[in-house]
Protein chains: 2
Amino acid sequence: MGENKSVKSDIQIAQESKLKHIKEVAESIGLTEDDIEYYGKYKAKITYEKIHSLKENRDGRLILVTSINPTAAGEGKSTVTVGLGDAMHQLGKKVVIALREPSLGPTMGMKGGATGGGYAQVLPMEDINLHFTGDLHAITAANNALAALMDNHIHQGNQLQIDQRRIVWKRALDINDRALRQIVIGLGGPSQGVPREDGFDITVASEIMAVLCLSTSLEDLKKRLAKMVVGYNTSKQPVTVGDLGVEGALSLLLKDALKPNLVQTIEHTPALVHGGPFANIAHGCNSIMATKSALKLADYVVTEAGFGADLGAEKFLNIKARAANIKPDAVVVVATIRALKMHGGMLKSDLQHENVLALEKGLENLQKHIETIYNFGLPVVVAINRFITDTDAEINTLTNWCTEQKVPVALTEVWEKGGKGGLQLAELVIEQIESNKQTFEYLYDLNLPIEEKIKKIVQKVYGGSDVEFSTKAMKQLKEFQEFGWGQLPVCMAKTQYSLSDEPTKLGRPKNFTIHVRELVPKLGAGFIVALTGDVMTMPGLPKKPVAYQMNIDEKGRAIGLF
Amino acid sequence: MGENKSVKSDIQIAQESKLKHIKEVAESIGLTEDDIEYYGKYKAKITYEKIHSLKENRDGRLILVTSINPTAAGEGKSTVTVGLGDAMHQLGKKVVIALREPSLGPTMGMKGGATGGGYAQVLPMEDINLHFTGDLHAITAANNALAALMDNHIHQGNQLQIDQRRIVWKRALDINDRALRQIVIGLGGPSQGVPREDGFDITVASEIMAVLCLSTSLEDLKKRLAKMVVGYNTSKQPVTVGDLGVEGALSLLLKDALKPNLVQTIEHTPALVHGGPFANIAHGCNSIMATKSALKLADYVVTEAGFGADLGAEKFLNIKARAANIKPDAVVVVATIRALKMHGGMLKSDLQHENVLALEKGLENLQKHIETIYNFGLPVVVAINRFITDTDAEINTLTNWCTEQKVPVALTEVWEKGGKGGLQLAELVIEQIESNKQTFEYLYDLNLPIEEKIKKIVQKVYGGSDVEFSTKAMKQLKEFQEFGWGQLPVCMAKTQYSLSDEPTKLGRPKNFTIHVRELVPKLGAGFIVALTGDVMTMPGLPKKPVAYQMNIDEKGRAIGLF
């Protein structure tokens, strides 16, 4: 994010930080040694017994951090989330941060890590960015166990008469691997299974990830798993995990993964890092188990939803908030001068030069997201994530614009200064919570038909004019209605770079149409996925993956994570 | 194993057991809290610092547990290994057990678990049988990251000119999934990668599992990873992980997986459970890191090699012992009356009936394995793993036969009685170690050509007469010699059920030929795999997988593991 501000890399800063034993961090929010299970000295899971015992506690206030549409310049949303938590901690507030856990795919591909940056990081960053406590691996295992059990069912006589041309359950790996997007399996003759088309999604796009994140208990998890649709039988009726009878096995594989993970920031602020669906191809929020536990443990909870407010925040508010029965008290929209200038038409290579005109033009992207949050009835604070290349003229332009719009705005320097760089933001957020009662309401009623829900999101959140459904999607709308799935919310899968479904349309495109090419039923998660544009549920690796820089030093410490 | 002896299942016994905090178990072998990293209260990894500091300690004595060829009746080798460790513990010896970690594939398929049985189990059995400390998941991740990076290299211009028809690196999952044995990937046009034939192995068959088990340090691990062959270029020269430049990333993914895992038995005997290659398709022994650490921490180490002495023990002695520079002091060969009767021609359904004649006939299988161990210059003790259906006449027949053959023999009842049921065995083993100095030597010299090494194994260990190489294998023998790989040991992939490569030939088949259909170079592991008969490197699920019985109860405890 603010790489230019310091010669030190994120991993250097992280490795130079002195961590507290996680026992101490737990104690700071009233958790005893019996309430947690250690994973090394600096990571722990909270036990179900403890979570259950918290039920009667009063909920703290919930702050949702979102952002403008991200660009190649980076907006630093996780960094601001961590820094805001640290700032509240410095102000003496009882605060818990609730984040998603990173996926290995982008860590080894383009991204290098997803634990904040600079002096606003959650630690131990290497562990969290690699295998952490194994949650994603457990999801991968459960996802692929289900696939194997289904293919075995077909191979062993196919009592449920699953139509192998109509299977919707895909395999998954926590990796960027384009070669696995479209494959043919079961080749080699009768003893090698039944040949069919198949494909792998990245684990974070697996329905099991969504189920894990949206479950409110182990019991709820098992029920949701049983509802997942794996495909259709030869009579074109849906076949579920419950029909296969393997929800017990999947629950068993996930019994520890459902427990929230406790870690700390560089400043020892407690953070629950749990669940990691992407916001472009999944619902993009950390787990309900973690968010609700955090609300019971703290007076203030700072959480993040992935990518821009058009993706993560929309899904947080329409899907997660509904499933969890929670409401944010304030929303922070993160913006950077650099990213706004790109939205205003500048090339990434020119961003170090001052350009107030481009900035002014790019503000329309920020404006749309602020409008969206106001549409939900929630107070907004804009956080400017400062970079060293930002000029005073640029900062003033953005600040003045916010003031004109009557939107509270704060300059943050958490990358460089940790919580200290976010004090102004923290004070402003607390002030907003105290003075502006939220009047939150969902964007759409669940009783609306699926196509109407999608249209509402497109018009109210993306600012588009219309939705076009492919022939396949049209047919599915009808079928899903018949199957009784019409009352589910919609999880949009869309590019994160644009409000539209075309990644190159930056700024605030208008009068555009969103193209829904396919719908995917996710009955366990409790939503219908709408795949728009060319969005892929399995990313590819770039020409020079970060993996080439990843290494260990002679002491076994990580190198090459950012 | 001894399921008939008690109405309680293994998991019931396990869940009723009172575990000590792993800190106490660690203390019992001189490990402080600083020397270990917790994974919950009952699992820990030993730090590299501690392992390094043990270097100057004197080695304890090493006892290798092997068995006759397993049958559907079960031989209970892990159970005896654990029980023998517990018995030595009861005798006041400083003992550490060193076992392999189970694979989820068979746990969900036929087997249900692999942590011993009855009152001779390692705990917590649910965790060890499921995700444990994530070692197998880390190996899966590294295996598939390599595959994705290689396919990405080809897609992005293929600078190394990898011939996609000659790729030997396969993807891997820790699952039984026959439909993934033969697949076609990269379909769907130019943006989805380059189409080619591919397949998945089970993770325990991955070369990375072998590398992890045979590495003596993190540095050695990285060197071995770099040597792994992924395929051949268009000039038919081998392409390695080092050529791709990703051994650093793979090492980083494996940096925690290489640390041995400490757990305890029901009787609190310390056990290192680490690394889990199958013995039929891989080298079948736990990790060198664990075995060597155990030897430094204890006076007696009890370890196990997979399946019969023809597979696990042969590879322990020719591959692992060579790589680790260790020698067993005694070998225990486990036999059951039931399995010997099957080797003598009885059907599984008749085994509850006494049949001394069948037993006498089946003894030839035991005899061959005893001869094999003597051929290596090692003392043998036969352990009879007693079942409730065994009659006195049968036990006497086996005991008398051993006495006639001058082979020490002990009756063990560790399934029912824990360590107490193995005291006689423990005393006999200690006596053998004290009185019979081993005169261990490898079966073959590394300078012999590959085909000669295979012939030696076939003739001396399997008792076969000849080896037949397929046309492909013949060509490979020549190529491998040219590439300078001729001096590597051989890792045989063969059915576990028979001394021959035909699973149905029980007892002691003679004058048979072993058919080598293909050779696979595993330069990181440091051996050449010889695939014989129809042996599969990806198992399938049975008609009624154990997964259907797996579940969680209302408190989140495991159900349906055996």
Side-chain angles (χ1 to χ4, degrees), chain A residues 37-41 48 104 108 130-131 134 137-138 140-141 144-145 147-149 151-152 155-156 173-188 191-194 218-219 222 245-246 248-249 251-253 255-256 540-541 543 545 547-548 550-552 554 556 558-560, chain B residues 37-41 48 104 108 130-131 134 137-138 140-141 144-145 147-149 151-152 155-156 173-188 191-194 218-219 222 245-246 248-249 251-253 255-256 540-541 543 545 547-548 550-552 554 556 558-560:
Chain A
E37 292 159 3
Y38 294 125
Y39 285 69
K41 293 186 175 66
Y48 291 126
L104 260 179
M108 299 188 74
L130 295 171
H131 310 292
H137 290 320
T140 304
N144 297 331
L149 287 161
D151 276 315
N152 187 57
H155 175 77
Q156 304 280 4
L173 283 175
D174 185 17
I175 204 164
N176 291 9
D177 194 347
R178 70 172 64 73
L180 293 180
R181 283 176 191 152
Q182 285 187 36
I183 66 176
V184 173
I185 64 168
L187 301 174
S191 65
Q192 324 277 43
V194 179
L218 202 49
E219 210 183 352
K222 203 201 284 190
V246 298
S251 307
L252 180 54
L253 288 171
K255 77 180 172 65
D256 293 312
L541 286 167
K543 196 157 178 87
Y548 289 128
M550 286 166 67
N551 212 331
I552 41 170
E554 71 292 347
I559 298 174
Chain B
E37 291 160 3
Y38 294 125
Y39 284 69
K41 291 186 177 66
Y48 292 127
L104 260 178
M108 300 187 73
L130 295 171
H131 310 293
H137 291 320
T140 304
N144 296 330
L149 287 160
D151 275 315
N152 187 57
H155 175 76
Q156 304 281 3
L173 281 175
D174 185 17
I175 204 165
N176 290 9
D177 194 346
R178 70 171 66 72
L180 293 180
R181 283 176 192 152
Q182 285 188 36
I183 66 176
V184 173
I185 64 168
L187 300 174
S191 65
Q192 323 277 43
V194 178
L218 203 48
E219 211 185 352
K222 203 201 286 187
V246 298
S251 308
L252 180 54
L253 289 171
K255 76 180 173 64
D256 293 312
L541 287 166
K543 195 156 180 87
Y548 290 128
M550 286 166 67
N551 211 331
I552 41 170
E554 71 292 345
I559 298 174

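Hydrogens, waters and symmetry mates play no part in the numbers below; they use all other heavy atoms, side chains included. Quick caveat, the model's predicted, so the values are computed rather than measured. Below, read A as the first sequence line, B as the second, and so on, with proteins coming before strands; counting in each chain starts at 1.
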J.: Find the distance between CD1 (B:Ile552) and CG (A:Leu218) and round it off to the nearest 0.5 Å.
T.: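 CG of A:Leu218 is found 3.5 Å from CD1 of B:Ile552.
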J.: Please state whether the side chain, the backbone, both or neither of A:Lys41 comes within less than 4.5 Å of a heavy atom of chain B.
T.: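 Just the side chain, heavy atoms under 4.5 Å.
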J.: Pick from A:Gly193, A:Ser251, A:Ala148: which one has the most heavy-atom pairs with chain B under 4.5 Å?
T.: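 The candidate making the most pairs under 4.5 Å is A:Ala148.
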J.: Taking side chain as everything from C-beta outward and backbone as N, CA, C, O, which of these in A:Tyr48 sits under 4.5 Å from a heavy atom of chain B? Side chain, backbone, both or neither.
T.: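 Answer is neither: A:Tyr48 stays 4.5 Å or more from chain B.
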J.: At a heavy-atom separation under 4.5 Å, does A:Leu149 approach chain B through its side chain, its backbone, both, or neither?
T.: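 Contact with chain B: backbone and side chain both.
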J.: Under 4.5 Å from any heavy atom of chain B, what part of A:Leu173 do you find: side chain, backbone, both or neither?
T.: side chain
J.: Identify which of A:Ile183, A:Leu541, A:Ile175, A:Asn176 forms the greatest number of heavy-atom pairs closer than 4.5 Å to chain B.
T.: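 Ranked by heavy-atom pairs under 4.5 Å with chain B, first place is A:Leu541.
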J.: Looking at B:Ala141, B:Ala547, B:Ala147, B:Gly134, which makes the most heavy-atom pairs under 4.5 Å with chain A?
T.: B:Ala547
J.: So which part of A:Gln192 gets closer than 4.5 Å to some heavy atom of chain B, the side chain, the backbone, both or neither?
T.: both
J.: Looking only at heavy atoms and a cut-off of under 4.5 Å, which of B:Glu219, B:His155, B:Lys255 has the most pairs with chain A?
T.: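 It is B:His155.
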J.: Which bit of A:Leu104 is near chain B, if near means a heavy-atom gap under 4.5 Å: side chain, backbone, both or neither?
T.: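 Side chain of A:Leu104 only, per the 4.5 Å heavy-atom cut-off to chain B.
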J.: Is A:Asp151 close to chain B through its backbone or its side chain, or both, or neither, when contacts mean heavy atoms under 4.5 Å?
T.: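 The answer is the side chain of A:Asp151.
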J.: For B:Leu130, is it the side chain, the backbone, both or neither that has a heavy atom under 4.5 Å from a heavy atom of chain A?
T.: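 Only the side chain of B:Leu130 comes within 4.5 Å of chain A.
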J.: What closest approach, in Å, do B:Leu252 and A:Ile559 show between heavy atoms, and which atom pair accounts for it?
T.: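 Minimum heavy-atom contact is CD2-O, 3.9 Å.
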